[in-house]
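Each remark here refers to the structure printed beneath this line.
Basis for what follows: all heavy atoms, side chains included, without hydrogens, waters or symmetry-related copies.
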Amino acid sequence: MRYMLRRLGWFLLTLWAAISLNFLLPRMMPGSPADAAIAKLSQNGPVTEETRAAVEAQLGVPDGNLLQQYVDYLGQILSLDFGISYAFYPEPVSTLVAQALPYTLILVGLVTIASFAIGTLLGVLAAWKRGTWLDALPTVGGSFINTFPYFWTALLLLFLLGYVLHLFPTFGAYSATTMPALSVEFVLDALYHAALPAFTMLITSLGGWIIGMRNAMITTLGEDHVTFAEANGIPGRTVALKYAARNAILPNLTGFGMALGGVVGGSVLVEQVFGYPGIGFLLFNAVTGQDYPLMQAIFLMITISVLVANLLVDILYGILDPRTRR
């Protein structure tokens, strides 16, 4: 219990620091968040102070002293009110995020979990059958595939399977003739559109999990407790999974926590290549459009998701390895 409370305390302290930093950084930048919109207006002639004040009021640029802004900012976070988007004016930031988040969570989240599970199991198999083709095939294959960057693999698959063979859609999360709804037709259409970006992320991330688990597993297999279990006639599958893999998975588990926390941020390059309307695609548009409220909301969500994932990994660490609770 003391271990859990200590981890929770560090989580809350880090969360407060991240929220405060997210508040301070935009205000430390030179100029006003409304400068981009005013710069566009100035192309048609000089912008008066009255016009500038009207633009700042429309965009919700904060005023008052820094302490009052900070208190208002905390209240906005609690109410999930992140202001008005500059690039998609007058759409609220919370509405844009709510529309994009389910696509990213389903696509990137499920692929991350599947990639971790498949890669870890293949790593265990490769280490247990080291020196055989069951070791060489996933290890060499995973290393080879892992050398290709996301965007290159995405472009290659998009060209071959989308434009040449016409097996998969090349853009979007669903067909233009399909309306988003909780129906079998929409779900099947959405899965069909998500298949190609999901496959891209899956094959390009498997290699890291396989190699990481295999290396840790080989080290664990040489430890005394594994040798003792084998000498006592315990079945090989039990030794591999219960005695060796349980300890070897801890480094991979740390990486999985970081990857799972990064799910909310989406995969910017892959979503951009496929025009998939997730958080990564939204973040790209926010950066290119100098949409500060939208960027600030997405960065905050990514930070919180990483912190929550790390907290869950710390708790799981304590369950799998009781030594960390000391």
Side-chain angles (χ1 to χ4, degrees), residues 18-19 21-23 25-26 29 33-37 40 58-61 73 76-77 79-112 149-151 154-155 158 169-176 178-181 186 189-198 200-201 204-205 258-309:
I19 290 175
L21 191 62
N22 197 52
F23 166 80
L25 284 179
M29 297 173 63
D35 286 343
K40 296 178 181 178
Q58 282 184 329
L59 295 178
V61 176
Y73 170 74
Q76 289 173 350
I77 291 178
S79 61
L80 300 180
D81 178 15
F82 298 103
I84 302 298
S85 169
Y86 297 173
F88 301 93
Y89 184 85
E91 199 73 31
V93 170
S94 55
T95 302
L96 294 171
V97 171
Q99 292 173 350
L101 188 59
Y103 293 107
T104 292
L105 290 180
I106 294 174
L107 174 64
V108 186
L110 292 180
V111 170
T112 301
Y150 275 16
F151 69 91
L155 289 172
L158 182 66
T170 59
F171 189 85
Y174 53 88
S175 302
T178 305
M179 293 297 295
F186 174 74
D189 187 54
L191 291 176
Y192 180 50
H193 279 73
L196 201 52
T200 300
M201 290 186 287
T204 51
S205 60
M258 297 297 294
L260 201 60
V263 163
V264 173
S267 182
V268 178
L269 291 177
V270 173
E271 291 185 4
Q272 185 65 25
V273 169
F274 291 101
Y276 197 79
I279 292 293
F281 186 76
L282 190 64
L283 178 59
F284 178 84
N285 289 327
V287 172
T288 55
Q290 296 181 323
D291 193 340
Y292 296 109
L294 185 55
M295 283 190 287
Q296 193 175 21
I298 294 176
F299 290 153
L300 181 62
M301 288 177 53
I302 294 173
T303 302
I304 293 176
S305 63
V306 171
L307 291 176
V308 171

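Side-chain contact between L300 and F82 is present, with at least one heavy-atom pair separated by less than 4.5 Å. Put simply, the side chain of M301 reaches to within 4.5 Å of the side chain of L101, judged on heavy atoms. Contact of the L282 side chain with the Q99 side chain is not registered, since no non-hydrogen atoms from C-beta on lie closer than 4.5 Å. The side-chain heavy atoms of I19 and Y73, taken from C-beta on, include a pair separated by under 4.5 Å.
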Check against side chain to side chain contact (heavy atoms under 4.5 Å, CB included), V97 and L294:
CA-CA 8 Å; V97 171; L294 185 55; 4.1 Å; yes
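In this structure, the separation between CG on N285 and CE on M295 is 11.5 Å, given to the nearest 0.5 Å. Distance check, rounded to the nearest 0.5 Å: CZ of F281 to CD of Q272 gives 5.0 Å. With rounding to the nearest 0.5 Å, the separation of CG in L107 from CD1 in I279 is 12.0 Å.
Note on ring orientation: taking the six-membered ring where Trp is involved, the planes of Y103 and Y174 are parallel (angle under 30°, cut-offs 30° and 60°).
For Y192, the side chain to side chain contact (heavy atoms under 4.5 Å, CB included) partners are F168, P169, not counting sequence neighbours. V273 pairs by the side chain to side chain contact (heavy atoms under 4.5 Å, CB included) definition with A154, L155, L158, not counting sequence neighbours. Annotation: ring-ring contact (aromatic ring centres under 6.0 Å, His included) contacts of F299 (sequence neighbours excluded): none.
In terms of heavy-atom proximity, P102 sits nearest to A98 at CD-O, 3.0 Å. Here the closest non-hydrogen pair linking S175 and D189 is N-OD2, 2.6 Å.
Between the side chain of E271 and the main chain of G280, a donor-acceptor pair closer than 3.5 Å is present. For the pair S305 (side chain) and I302 (backbone), a donor-acceptor distance under 3.5 Å is present.
Taking the six-membered ring wherever Trp is involved, the centroid distance between the rings of F171 and F274 does not fall below 6.0 Å.
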